[in-house]
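Step one of this worksheet: look at the structure below.
From a predicted model like this one, the values you see are computed outputs, not experimental measurements. Atoms considered below: every heavy atom in the structure, side chains included; atoms not considered: hydrogens, waters and symmetry mates. Throughout, a chain's letter reflects where its sequence line sits, starting with A, and its residues are numbered from 1.
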Amino acid sequence: MEMSEHTQPRPTPPAAPQLPKKPFAWERLAVTVLMIGGLVWSGVETQVNVGQFVANFGQFTQILAEMCRPDWSYVSYVVAPLIETIKMAVIGTAIGAGIAFPYAFLVSRNVVTNRFVTGLFRFILNIIRTIPDLLLAALFVAVVGIGPVAGIITLAIFTFGMVGKLFFEAVETIDEGPIEALRAAGANQWEIVRYAVVPQVMGFFVSYTLYAFEINVRASTVLGYVGAGGIGVFLQQNLGQFRYDRVSLMVLVIFAVVLVIDYVSSKTREALL
Amino acid sequence: MTVAQKEPIIQFTQVNKVYENGTVGLKDIDLTIYPGEFVVVIGLSGAGKSTLMRSVNRLHDITSGDIQIGGRSITQAKGKELLSMRREIGMIFQNFNLVKRATVLRNVLTGRVGYYPTWKMLLGMFSAADKQKAYESLQRVELADKVYARADELSGGQQQRVSIARALTQEPRIILADEPIASLDPQTTHRVMDDLKKINEELGITVLINLHSVELAKEYGSRIVGIRAGHKVFDGPVASADDETIAAIYSGADTEKVGA
Ligand SMILES: Nc1ncnc2c1ncn2[C@@H]1O[C@H](COP(=O)(O)OP(=O)(O)OP(=O)(O)O)[C@@H](O)[C@H]1O
Ligand SMILES: [Mg+2]
């Protein structure tokens, strides 16, 4: 039976329709032209001078050469401001994350069902997130004066915005099952958050906080530029005095510290999630 | 068993539930359940079984009618009173609803949350006696050795038994089980059903359960309630639920037959 079927000439299959040509993407062409146009226009507008860049290249190589001879004797002066920088980062992160933790529940729609409340506090969170760090730092230097306090407040606000946003998104993606179970057992809203929500998201919170800390260590080196304390103050001074040997030493030290902190922090985060 | 003389533990009076989108969940339900019964609710998917269960502990509010638990109206209960009434009703879910990242003990302990003031709970201050109680519940479902394991390390059947232990730790008078075995294999299914039966017989806890399997309903139940399109179309002892009656519950035919 089967054999005979095989020997029968197969009917020719109907001709498969040919792959149609890809339609020409007018939108893409338009966007590309617009982007190139925009680039040229902004270059003209801001008076970019490629010639000048090439002409000053010699100066650049000279700085680079100086930076290749770091002033190792300067290490002892760097330690104290470096520790101050790390302290700023730790305290700023702790304050920001500490406020972000309860705030995130307030804006999570599966915890607070009142749309007005979540909407309002989300709006505030978004506003805070749009303010650039350096602007905040400059602002607080003006308010509380030059020094690390301005830096700490800046880092706290930045951390609040970042951890708050990431964390509430984590809270909103939890398994709702335990919430139902706790409610059925007679728990009130606080107890539901404590026993059904927090255990599910605690790992995320610690992870995001460590991530914010990594960023803060890097950011706090720059904040000193506007007078917000830490190693950035020294960086700026030495740059002003053209002490590139010292600058390069500081860059190396900061690099080493950031590397270690990032490594430890990311390993910890891996273990948590 | 003659239970009819006792006070009812669950009493539905003319209960209606219409969802916000207009779907009728329950229609004119009258249902009286006495302490110690093992009542199985059966019916087609979408018939309103889950709606019925969730009305008992008011996870869903009903639209009209009244539901009494041990003579007190849960429909009228407000705030703290509602919470303390829920404490007496344990619930078991199809998906277990455990906190997967937490230990088995933690999960079982949460059955006690309703017994403490909020501030103690925010600090996680469970008493030693309650920890012991949680441990004893785990012993009852034979999972004492898993007390410090993380919930997600357990098999589905074990997780469901942990959730039974959680409900037991609540020291409830009623246990509601909404398709507790729907995601389990046949062998695990019997394990879980046996545990529920044991709890019902040894502790006298009233069980209201909904199942998709008629065989299991007959094997474990003392009474069957048939729901079709939000109506109660059958209510009687397991023995009186013959094939014809069952077929009627699962079909469109109208054989309203209400047993004792
Ligand atoms: N939150 C809701 N909003 C609107 N309609 C709902 C809601 N929950 C359930 N329903 C509807 O109410 C009816 C009864 O649902 P219910 O979940 O009680 O059925 P069920 O008998 O438990 O079904 P299953 O066996 O599939 O679990 C269905 O038509 C369902 O679509
Ligand atoms: Mg259901």
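With sequence neighbours left out, the side chain to side chain contact (heavy atoms under 4.5 Å, CB included) criterion links Pro81(A) to Ile231(A), Phe234(A). The side-chain hydrogen bond (donor to acceptor under 3.5 Å, both in side chains) test applied to Glu142(B) returns Arg191(B), not counting sequence neighbours. Partners of Thr63(B) under the side-chain hydrogen bond (donor to acceptor under 3.5 Å, both in side chains) rule, at least two apart in sequence or in another chain, do not exist in this structure.
In terms of heavy-atom pairs under 4.5 Å with chain A, the best-connected choice from Val113(B), Leu82(B), Ile89(B), Leu176(B) is Val113(B). Each of Ala167(B), Gly111(B), Gly124(B) has some count of heavy-atom pairs under 4.5 Å with chain A, and the biggest count is that of Gly124(B).
Not less than 6.0 angstrom separates the ring centroid of Phe204(A) from the ring centroid of Phe167(A).
Using modelled atom types, no side-chain atom of Lys49(B) and backbone atom of Asn210(B) make a donor-acceptor pair closer than 3.5 Å. Not a single donor-acceptor pair under 3.5 Å links the side chain of Thr13(B) to the backbone N or O of Gly65(B).
Only the side chain of Met91(B) comes within contact range of chain A, judged by heavy atoms closer than 4.5 Å. The part of Leu98(B) that comes within reach of chain A is its backbone (N, CA, C, O), which places non-hydrogen atoms under 4.5 angstrom from that chain. Ala196(A) touches chain B through its backbone: at least one of N, CA, C or O sits under 4.5 Å from a heavy atom, while the side chain does not.
Across Asn200(B), Asp194(B), Asp195(B), a single residue satisfies side-chain contact (heavy atoms from CB on, under 4.5 Å) together with Lys198(B), and that is Asp195(B).
Once rounded to the nearest 0.5 Å, the distance linking OH of Tyr220(B) with CE of Met193(B) reads 6.0 Å.
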Produce the donor-acceptor pair table for chain B versus chain A, cut-off under 3.5 Å.
from, atom 1, to, atom 2, distance (Å)
Arg54(B), NE, Glu180(A), OE2, 3.1
Arg54(B), NH2, Glu180(A), OE1, 3.4
Arg54(B), NH2, Glu180(A), OE2, 2.6
Asn97(B), ND2, Gly177(A), O, 3.2
Asn97(B), ND2, Glu180(A), OE1, 3.3
Arg101(B), NH2, Leu272(A), O, 3.1
Thr118(B), OG1, Asn188(A), ND2, 2.8
Met121(B), O, Tyr195(A), OH, 2.7
Leu122(B), O, Arg194(A), NE, 2.8

